[in-house]
Amino acid sequence: MSGFGAGVLHPLVLPAHVLALLALGLLIGQQTAGRRIVSCAAFVIGLAAGLTAIAFGVGQTPAADALLATAFASGALAALAHPLSALACAPLAAAAGVALGLDSPPEAISITVATAMLIGTGFGASLTLVVISAGTSYLIGVREWIWARIGGRILGSWIAASAILVLALRFARGQLL
Amino acid sequence: MDHTARLQSAPSPILNQWRAVVVAAANMLLLFAVPALAHTGSSTGGFIGGFAHPLFGPDHVVAMVAVGLWGAFLGPPAIWLLPIVFPLVMAFGGVIGILGVSLPGVETAIALSAVVLGTMVALAARPPLWVAALIVGVFAIFHGHAHGAELPPGADVVAYSVGFVVATGLLHLTGIAIGLLARWRAGRIAVRTAGGAIALAGVAFLSGLG
């Protein structure tokens, strides 16, 4: 598989990344159109910043834990299903983007392949978030399927519960931060 | 319209959609189901290990199903609020268990949850929503504590936790799927009988027979 293709798939094969993207996508999908665009843009900017930092060789960071923390916050807020202000949603999306970017170091020796992987990761994560949030928004806002809104809330509570359990376990093992 | 009348009235599109969702979820659960032998505490890591863990404790299984049954019996909004409240509060209990904070009478409380929740279904009890959520939430702490204290030192913690929470949620959805039978007269009798059986099972767990 090419470096770009491996990068695209990278956020989809790591459970923590999938959790964070799903929770954030559900949360953003519950917001109004304007806030969806701002939040997705904030995520992409944060992701680009995180991936750029990785490209410049930033050292070990607690990005995995930060990503789980954003998954918990996004999942809990999606479970509550209250409209958020852009000031609350966009920073959360940006933080998730930065954390996901920093937690995606390319596993390649060649600089060319590593760069392609980073670009692929940025593309794959951004596309995944847009698809999830657009799909959620379509089902809830356009089709007005009540079970989709309820299902999203239940899924959000499951993600929040999973994320906080993992964080607690990492804390108990002395692995947190 | 009260809850009884609502449950006995013509099926609403929302409930039909819900029924399709929970039946699909119940089918998914059957694909992954394993025999409930004893609460031994699975030591396998990964998604399958986490998914199997709640299914290995009959006391947990009947209590989770009872939550779903009761939610379906109470009707909207309890039918979806209880499955949202339970995992979040259970996770709080799980954190306490993981951190090693002791909680008195955990196993007793878990057995008692089957007795109380089963009795609520058997008696068709309809307390205010906040009371139902409080009862479920209190027991969720004990269930979460028991699971949290038994989490294995496996490699893939994230996948394990996701499997564990998903299995718990699917048990709720199974209870809801069964509970939707309460819309029919014969179904109500069957659901209330199931509640009685769960309460009896809880008594057996309390007395050490289960």
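Computed over heavy atoms, backbone and side chain alike; hydrogens, waters and symmetry mates excluded. Order of the sequence lines fixes the chain letters, A, B, ..., with proteins taken first and strands second; residue numbering starts at 1 for each chain.
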Minimum heavy-atom separation for B:Pro87 to A:Ala161, with atom names? O-CB, 3.4 Å
Shortest non-hydrogen separation from A:Ser162 to B:Ser161 and the atoms involved: OG-O, 3.7 Å
Shortest non-hydrogen contact from B:Trp80 toward A:Ile154: O-CG1, 4.4 Å
How many angstroms lie between atom CG of B:Leu81 and atom CZ of A:Arg153, to the nearest 0.5 angstrom? 6.0 Å
For a quick test of reading the model, state the closest non-hydrogen atom pair linking B:Leu99 to A:Ala172 and the distance between them. CD2-CB, 4.3 Å
Go through the atoms of B:Phe164 and report whether side chain, backbone, both or neither lie under 4.5 Å from a heavy atom of chain A. side chain
Spatial distance of atom CG (B:Leu88) from atom CH2 (A:Trp158) [nearest 0.5 Å]: 12.0 Å
If you count heavy atoms of other groups shown closer than 6.0 angstrom to CZ of A:Phe4, is the number above 12? yes
Restricting to non-hydrogen atoms, name the atom on A:Val166 and the atom on B:Val158 that form the minimum distance, rounded to 0.1 Å. CG2-CA, 3.7 Å
Between A:Leu19 and chain B, with a heavy-atom cut-off of 4.5 Å, which part of the residue counts as in contact: side chain, backbone, both or neither? side chain
Any idea which of A:Leu169, A:Ile164, A:Leu155 has the most non-hydrogen atom pairs under 4.5 angstrom with chain B? A:Leu169
